[in-house]
There are 2 protein chains.
Amino acid sequence: MQFHQTVNHLLSRVATAHRSRIEKRLAAIGIHSGQLAILFELWKTDGRRQVDLASELRLAPPTINKTLTGMIDLGLVTRERLEDDARSTRIFLTDAGEQMRQVIEAEWLEIEEEMLTALTETERLILFDLLTKLKHFYFGTEPEE
Amino acid sequence: MQFHQTVNHLLSRVATAHRSRIEKRLAAIGIHSGQLAILFELWKTDGRRQVDLASELRLAPPTINKTLTGMIDLGLVTRERLEDDARSTRIFLTDAGEQMRQVIEAEWLEIEEEMLTALTETERLILFDLLTKLKHFYFGTEPEE
DNA sequence: CTTTGATTATTAGCTGGCTAATAATATATA
DNA sequence: TATATATTATTAGCCAGCTAATAATCAAAG
């Protein structure tokens, strides 16, 4: 059987190697990949509800809850109960979380650069296009982002 | 910043959705994605040493150790100490592990088919090529497989 | 006003990865 | 031979995901 010849297998292997490399680079800054996505989301709009962050990032509630708890421990964000709805919480960036922005954005661009040294500019565009198609396939057609 | 426009971000998102879908399909059979890769490896050559499986699959020793322990509990493989080197162990398929082959291979092909409905045949080939390049980038040039 | 149902967060526990640290064995070297 | 080094497996513990189950609150229906 051609297990190793399937796109599925290739994607799986590349994906874990990919995440591993990202984690290694982010470790120098002191954060993890799961926290990174949340930070980018909060830099876009601060004070989101936890459940909204979860659906935006397509993460299960327990996943984002755990990650946020870690970020609170690191002093990157705070969690505040809503006054008008005691079920919800809002997540706010701390000064520390705000100030990491420049460093992390720069690092992220470097990571992107580094990865793309394996591809030509044309290949990069094609890959972006194909991954976008797969994303829509997995997530369904989504308007924003 | 164009965080969402980076290939890195896209790949991360697609990868987690991808694995999630694979796990869901494999759950019907009763195995997990990590076990799948090992099974394919053992179907190719049975009785490998644990450390060789690890390097073949590019997994850290503790990772494959944990996964194999789970597979032993499921009755898919056995672990036997080597006679001439008490440090090493060899992993052997059980009858149950052997007999899952047909079902799993069929399922794997279905998963591949399903994923590729999002792409044309040409796109599939291109994606395979690009992922192969990334794999070599992450893993270094490797001859076999 | 009370009960039912939906929403939000949280806890517990699972797999897939990882690193660091141990323990046991082999091997090479003084 | 005795000591130092390398190899292999294993344990503990971490993060990224997940599902299932609870608890609390809000909203809606009776």
Side-chain angles (χ1 to χ4, degrees), chain A residues 9 11-38 48-55 57-74 76 79-91 138, chain B residues 11-39 48-55 57-74 76 79-91 138:
Chain A
H9 177 244
L11 181 52
S12 301
R13 295 272 294 236
V14 169
T16 68
H18 176 246
R19 177 158 72 177
S20 174
R21 174 166 295 223
I22 288 180
E23 286 289 342
K24 236 167 232 158
R25 297 213 48 158
L26 292 181
I29 304 179
I31 65 168
H32 292 275
S33 60
Q35 308 170 337
L36 182 101
I38 296 177
R48 316 277 279 272
R49 291 189 313 156
Q50 196 167 304
V51 64
D52 294 331
L53 284 173
S55 71
L57 295 172
R58 307 271 178 168
L59 295 176
T63 300
I64 202 149
N65 184 275
K66 200 198 293 182
T67 304
L68 283 173
T69 301
M71 294 172 77
I72 291 170
D73 293 345
L74 287 176
L76 297 176
R79 180 156 42 198
E80 297 181 14
R81 218 88 209 181
L82 280 199
E83 330 72 39
D84 53 328
D85 188 342
R87 293 169 300 181
S88 307
T89 59
R90 276 197 186 160
I91 308 300
Y138 284 126
Chain B
L11 181 52
S12 301
R13 295 271 296 238
V14 168
T16 67
H18 175 247
R19 177 157 73 176
S20 174
R21 172 165 297 222
I22 288 180
E23 286 288 343
K24 236 167 233 157
R25 296 212 50 157
L26 292 182
I29 304 179
I31 65 168
H32 291 276
S33 62
Q35 307 170 338
L36 182 102
I38 296 177
L39 284 176
R48 316 275 279 272
R49 291 190 312 155
Q50 196 166 304
V51 64
D52 294 330
L53 284 174
S55 72
L57 295 172
R58 306 272 179 167
L59 294 176
T63 299
I64 202 148
N65 184 275
K66 200 199 292 183
T67 304
L68 282 173
T69 301
M71 294 172 76
I72 291 170
D73 293 345
L74 288 176
L76 297 175
R79 180 155 42 197
E80 297 181 14
R81 217 87 209 181
L82 280 198
E83 330 73 40
D84 55 328
D85 189 341
R87 292 170 301 181
S88 307
T89 59
R90 276 198 185 158
I91 308 300
Y138 284 126

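If you're wondering where the values come from, they're calculated on a predicted model, not measured in any experiment. In what follows, chains carry the letters A, B, and so on, assigned in the order in which the sequence lines appear, proteins first and then strands, with residues in each chain numbered from 1.
Distances shorter than 4.0 Å separate some side-chain N or O of A:R49 from OP1 or OP2 on C:dT8. Put simply, B:T63 has no side-chain N or O that comes within less than 4.0 Å of OP1 or OP2 on C:dG16. A close approach under 4.0 Å does occur between a side-chain nitrogen or oxygen of A:N65 and OP1 or OP2 of C:dT10. Between B:S20 and the phosphate of D:dC18, there is no side-chain N or O to OP1/OP2 separation shorter than 4.0 Å. In terms of phosphate contacts, A:R79 brings a side-chain nitrogen or oxygen within less than 4.0 Å of OP1 or OP2 of C:dT10.
With D:dT11, D:dA9, C:dT10 as the candidates, the nucleotide lying closest to the side chain of A:R81 is C:dT10. Of the candidates C:dG16, D:dA9, C:dA9, the closest approach to any side-chain atom of B:E23 belongs to C:dG16. Side-chain proximity of A:K66 to the nucleotides D:dC15, D:dG17, C:dT19 is greatest for D:dG17. Closest to the A:D85 side chain, of the nucleotides C:dC18, D:dT25, C:dC14, is D:dT25. For A:Q50, the side-chain atoms get nearest to C:dT10 when compared with the rest of C:dT10, D:dA16, C:dC18. Of the candidate nucleotides C:dC18, D:dT19, D:dA16, D:dT19 has the atom lying nearest to any side-chain atom of A:A60. Comparing D:dA16, C:dA9, D:dA9 by their closest approach to the side chain of A:T67 singles out D:dA16. When distances are taken from the side chain of B:R87 to each of C:dA26, C:dT19, C:dG17, the shortest belongs to C:dA26.
Residue A:A86 is in sugar-phosphate contact alone, with no base atom involved, counting any heavy-atom pair closer than 4.0 Å across all strands shown. Contact annotation for B:S33: backbone-only contact, meaning every heavy-atom pair under 4.0 Å involves sugar-phosphate atoms and none involves a base. Contacts of A:R90 with the nucleic acid, taken as non-hydrogen atoms under 4.0 Å apart, are absent.
Atom CZ of B:R90 has 12 or fewer heavy atoms from other residues, nucleotides or ligands within 6.0 Å.
Residues A:L76 and A:I31 meet the side-chain proximity criterion, which asks for heavy atoms closer than 4.5 Å.
In terms of position on DNA chain D, the residue among B:P61 and A:Q35 whose nearest nucleotide sits closer to the 5' end is B:P61.
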